[in-house]
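Below you'll find the structure, written out as structure tokens, and then a few comments.
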Amino acid sequence: MNLSSSSGKLSRNTLISLINKSSTFPHLAQTHAQLILNGYRFDISTITKLTQKLFHFGHTRHARALFFTVPKPDIFLFNVLVRGFSLNDSPSSSISLYTHLRRNTDLNPDNFTYAFAVAACSNENLLMLLHAHSIIDGYGDNVFVGSALVDLYCKFSRVGFARKVFDGMPERDTVLWNTMINGLVKNCCFEDSIQVFKEMVTRGVKMDSSTVTAVLPAAAELQEMRGGMGIQCLALKFGFHFYDYVLTGLMSLYSKCGDVKTASLLFGMIGKRDLIAFNAMISGFTSNGETECSVRLFRELLVSGEKVSSSTIVGLIPLHSPFGHLHLACSIHGFCVKSGIILNPTVSTAFTAIYNKLNEIDLARRLFDESTEKTVVAWNAMISGYTQNGLTETAISLFQEMMKTEFTPNAVTITTILSACAQLGSLSFGKWVHQLIKSKNIEPNIYVSTALIDMYAKCGNILEAWQLFDSMSEKNTVTWNTIIFGYGLHGYGHEALELFNEMLHLGFNPSSVTFLSVLYACSHAGLVEEGEEVFHSMVNKYRIEPLTEHYACMVDILGRSGQLEKALGFIKELPVEPGPAVWGTLLGACMIHKDTNIARLASERLFELDPESVGYYVLLSNIYSTERNFPKAASIRQVVKKRKLAKSPGCTLIEVNGTPHVFVSGDRSHSHATDIYAKLEKLTGKMREMGYQSETAPALHDVEEEEKELAFNVHSEKLAIAFGLITTEPGTEIRIIKNLRVCLDCHTATKFISKITERLIVVRDANRFHHFKDGKCSCGDYW
DNA sequence: CTAGGGTTAG
């Protein structure tokens with residue numbers, strides 16, 4: 001059509017319709033010319049429409065120029081401009097225009113102005129200022145303004161403010177509810193978002209598919225299948241059309257909750273599957289162990305020519321599969337390198353984590369060292385890798401290296417390092433970390449507190465552990481498990497049982513580990529009936545299937561109390577094949593009660609099941625020694641020698657003024673060696689006067705003394721105690737850590753020493769804690 | 001609507 005040739009005047013409506021129909025910028029420019037020719041260049045409604053369309057085509061500069069030709073713009077035109085700038089990546093222009101409007105015109109901003117200007121805020125202060133203005137001008141109650149405020153406060157992570165605005169609104173429409181739910185989800189307040197959603201449903205507010213799309217990720221994140229299905233049912237009831245977005249959200253929910261079957265069904269229903277849908281499905285398959293499916297889907301994605309994102313890669317890494325996926329992880333890694341996919345910190349950390357889980361620490365470390373862009377998360381992954389693999393010293397030194405960088409440890413770092421600390425038993429370092437938490441203002445969340453409790457318990461300070469536990473406002477099952485285990489570790493069986501009952505009373509769900517901790521506590525305190533009762537309730541009431549560890553604990557409880565036949569009967573009736581842990585426990589019990597027949601039976605099974613382990617050989621040879629069958633005992637030791645099975649040497653650690661000192665059996669290398677031996681000699685004299693005799697009976701457990709001739713050697717434990725006595729003030733408590741179990745002689749000797757020197761001596765051996773005080777030990781000679 | 005690191009376990 002040729003507009004310029006038309007002779008008659010065009011009406012305003014015709015022009016507006018022409019503007020609306022313009023599909024390209026040149027077309028629109030032509031319409032603009034028509035508009036001028038027809039005398040509408042100052043007609044504000046026509047100009048406004050034109051401005052809107054200009055913004056639509058992204059011609060911000062033209063729109064701005066046009067605006068300044070209008071002599072007396074009205075508030076509507078201003079609003080279009082404020083909105084237009086902010087939609088076209090120029091939110092600062094929106095704000096300047098708003099300022100101009102307030103300062104230089106007589107116009108009053110309206111609800112649209114505020115809604116649009118709020119959306120253009122680039123920082124929190126500005127937002128608050130506009131919030132205040134809107135209230136002053138009487139638009140504080142407007143839903144449009146309210147929605148914008150809620151949205152922006154959430155974007156600046158000010159969930160509390162957003163919530164205040166939301167709660168204060170006298171009327172709320174669907175968009176406002178959606179905005180609130182969406183904002184909460186984006187800020188990881190999943191419970192709250194579901195709460196708001198439920199309130200919305202209860203109040204009968206009309207939902208739409210955006211509501212569903214917004215709330216589904218929260219259900220998925222909480223792995224709340226029931227909640228998620230409720231949402232789905234509601235959506236069905238309200239008869240929504242299941243848009244691809246909703247389907248993707250639902251699929252992702254099922255995928256995260258482990259129902260990949262339903263997820264893949266939904267995946268098939270999605271009309272146009274985008275990358276996000278693929279990623280969710282791939283990661284669902286992977287975390288469910290169906291790695292072939294995820295790889296297949298990944299191939300499909302590659303073939304379709306779609307781009308692959310870093311989420312795709314992270315979703316492919318079989319982080320949650322148990323073991324044996326090293327090959328897969330390596331090939332995905334190889335694929336990334338080959339196809340030039342940049343390992344961003346997230347992807348790189350995911351690889352580090354899987355290598356750590358597969359005990360491929362060196363591979364993980366190489367990746368960590370190579371990554372140019374380290375993050376706190378990467379440091380944490382590496383430190384936790386060392387901790388999980390028992391390399392506690394390396395973990396701590398890497399942590400110290402991190403402290404020298406610009407990275408500050410966060411709650412996760414602290415949790416990990418506390419776990420390392422607990423393994424190591426270093427109370428002084430643990431206390432230092434505790435101080436660090438306070439001084440660096442690290443968020444004392446449940447992980448940190450639980451790790452602290454564990455650290456104090458394992459480093460010997462059960463009182464501090466209890467006080468921390470007692471002061472915690474929020475506890476979970478793991479927290480309870482930790483304190484129960486701690487009490488068991490220190491031999492306080494009755495207290496552990498009391499805590500267990502309190503936990504149940506408060507409605508916490510006991511886990512498999514809970515029962516392990518309780519049974520463990522029973523075995524350390526000789527609570528046979530209680531142990532049997534707990535085991536029974538675990539199986540029959542709580543329907544928790546016992547693991548080998550639970551069985552071993554039961555064997556320990558029965559065996560220690562002398563009911564060896566009963567223990568053997570228990571083993572024979574096990575529904576599973578008993579492993580070395582079970583037989584080993586029985587063997588240990590035989591040692592205490594000197595039952596050579598059952599011991600022989602147990603050790604035969606052990607030599608079959610676990611020929612590499614030395615401890616059992618030592619135990620059996622000790623049993624023969626008890627029977628004074630020395631040739632047999634010696635021949636067993638020969639087997640150990642022949643097979644070059646090394647037994648870890650006994651050593652003991654003591655910290656004095658924060659410095660660790662390590663002693664081995666018969667150690668003379670220490671700079672204070674002369675003083676230490678002199679002190680021991682003096683003590684032994686006093687002990688003899690009080691009735692002490694060296695215990696000649698063989699060691700009960702896997703202790704230091706291996707050969708008869710080593711009997712002259714002083715065990716590392718006594719050396720450490722003597723050193724502690726001469727280097728600390730009288731009355732100071734002495735804490736030592738042994739890598740093996742305490743032998744009978746040392747146990748008796750330590751009791752005497754605690755009496756003579758009036759010291760509290762706390763010993764952590766390979767198995768538990770002993771508190772020696774006034775000639776008695778907290779274990780009641782039952783260990 | 002998709003993605004990385006953390007606490008308990010004879």
Side-chain angles (χ1 to χ4, degrees), chain A residues 182 185 210 212-217 220 243-253 255-256 270 274-284 309-317 319 343-354 356 375-385 387-388 410-419 422 445-455 457-458 476-486 488-489 511-517 519-520 523-524 547-557 579-582 584-585 588 766-768:
Chain A
N182 202 18
V185 172
S210 301
V212 180
T213 317
V215 75
L216 275 174
Y243 296 109
D244 286 352
Y245 280 177
V246 179
L247 282 174
T248 306
L250 268 175
M251 182 269 284
S252 167
L253 166 76
S255 179
K256 270 221 169 112
I270 302 171
D274 58 3
L275 184 59
I276 286 165
F278 267 96
N279 290 351
M281 196 62 242
I282 287 174
S283 101
S309 71
S310 44
S311 306
T312 323
I313 302 300
V314 174
L316 268 176
I317 303 175
L319 201 58
L343 298 190
N344 69 18
T346 307
V347 183
S348 165
T349 307
F351 278 117
T352 309
I354 184 137
N356 279 332
T375 60
V376 182
V377 179
W379 280 94
N380 291 347
M382 201 58 235
I383 293 171
S384 101
T387 307
Q388 282 165 17
N410 64 12
V412 178
T413 328
I414 295 298
T415 308
T416 312
I417 212 68
L418 280 171
S419 166
N445 66 23
I446 198 155
Y447 284 96
V448 173
S449 316
T450 305
L452 263 177
I453 292 170
D454 187 51
M455 182 277 291
K458 290 209 177 117
N476 63 16
T477 299
V478 178
T479 319
W480 284 93
N481 295 351
T482 306
I483 193 74
I484 291 172
F485 183 80
L489 194 64
S511 67
S512 183
V513 180
T514 314
F515 284 102
L516 210 52
S517 308
L519 292 174
Y520 178 68
S523 96
H524 278 304
L547 305 172
T548 323
E549 287 86 350
H550 294 97
Y551 294 131
C553 251
M554 277 317 289
V555 171
D556 197 44
I557 290 174
V582 173
T585 310
N767 206 26
R768 57 169 295 162

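Only this structure's heavy atoms are used, side chains among them; waters, hydrogens and symmetry mates stay out. Chain letters run A, B, ... following the sequence lines, proteins first and then strands; every chain starts at 1.
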In terms of side-chain heavy atoms of [X], which of [options] is nearest?
| X | options | result |
| --- | --- | --- |
| A:Ala353 | B:dT2, B:dG5, B:dG6 | B:dG5 |
| A:Thr213 | B:dC1, B:dA3, B:dG4 | B:dC1 |
| A:Lys256 | B:dA3, B:dC1, B:dA9 | B:dA3 |
| A:Asn410 | B:dT7, B:dA3, B:dG5 | B:dG5 |
| A:Pro217 | B:dT2, B:dG4, B:dG5 | B:dT2 |
| A:Val314 | B:dG4, B:dT7, B:dG10 | B:dG4 |
| A:Ser310 | B:dC1, B:dA3, B:dG5 | B:dA3 |
| A:Asp274 | B:dT2, B:dT8, B:dC1 | B:dC1 |
| A:Cys553 | B:dC1, B:dG4, B:dG10 | B:dG10 |
| A:Thr346 | B:dG4, B:dG10, B:dC1 | B:dG4 |

For [N], does the base pair up with any side-chain atom of [X] as donor and acceptor (N or O, under 3.5 Å, distance only)?
| X | N | answer |
| --- | --- | --- |
| A:Thr415 | B:dG6 | yes |
| A:Ser311 | B:dT2 | yes |
| A:Asn445 | B:dG6 | yes |
| A:Thr375 | B:dG4 | yes |

OP1 or OP2 of [N] sitting under 4.0 Å from any side-chain N/O of [X]?
| X | N | result |
| --- | --- | --- |
| A:Lys458 | B:dT7 | no |
| A:Thr479 | B:dT7 | no |
| A:Gln388 | B:dG5 | no |

Distance in angstrom units between [X] [atom1] and [N] [atom2], rounded:
| X | N | atom1 | atom2 | result |
| --- | --- | --- | --- | --- |
| A:Ile317 | B:dG4 | CD1 | P | 9 Å |
| A:Trp480 | B:dA9 | CH2 | C1' | 19 Å |
| A:Leu275 | B:dT2 | CG | P | 12 Å |
| A:Phe515 | B:dG10 | CZ | C1' | 17 Å |
| A:Met382 | B:dG4 | CE | P | 19 Å |
| A:Asn279 | B:dT2 | CG | C1' | 5 Å |
| A:Ile313 | B:dA3 | CD1 | P | 14 Å |
| A:Glu549 | B:dG10 | CD | C1' | 7 Å |

Residue pair A:Ile484 / A:Ser517: nearest heavy atoms and the distance that separates them: CG2-CB, 3.9 Å
Which part of the nucleic acid does [X] contact within heavy-atom distance under 4.0 Å: base, sugar-phosphate only, or nothing?
| X | value |
| --- | --- |
| A:Ser419 | sugar-phosphate |
| A:Ala411 | base |
| A:Val582 | nothing |
| A:Ser384 | sugar-phosphate |

Distance-only side-chain donor-acceptor flag, A:Asn481 / A:Ser511, under 3.5 Å: yes
side-chain hydrogen bond (donor to acceptor under 3.5 Å, both in side chains) assessment of A:Thr312 paired with A:Ser309: CA-CA 5 Å; A:Thr312 323; A:Ser309 71; 3.2 Å; yes
With sequence neighbours excluded, residues passing side-chain contact (heavy atoms from CB on, under 4.5 Å) with A:Ser419: A:Thr387, A:Gln423
Check: A:Met382 and A:Asn356 side chains under 4.5 Å, non-hydrogen atoms: yes
Side chain proximity check, A:Leu418 to A:Thr415, heavy atoms < 4.5 angstrom: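 Not touching, per the 4.5 Å side-chain cut-off.
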Side chain A:His550, main chain A:Leu519, donor-acceptor under 3.5 Å: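 Not a single qualifying donor-acceptor pair exists.
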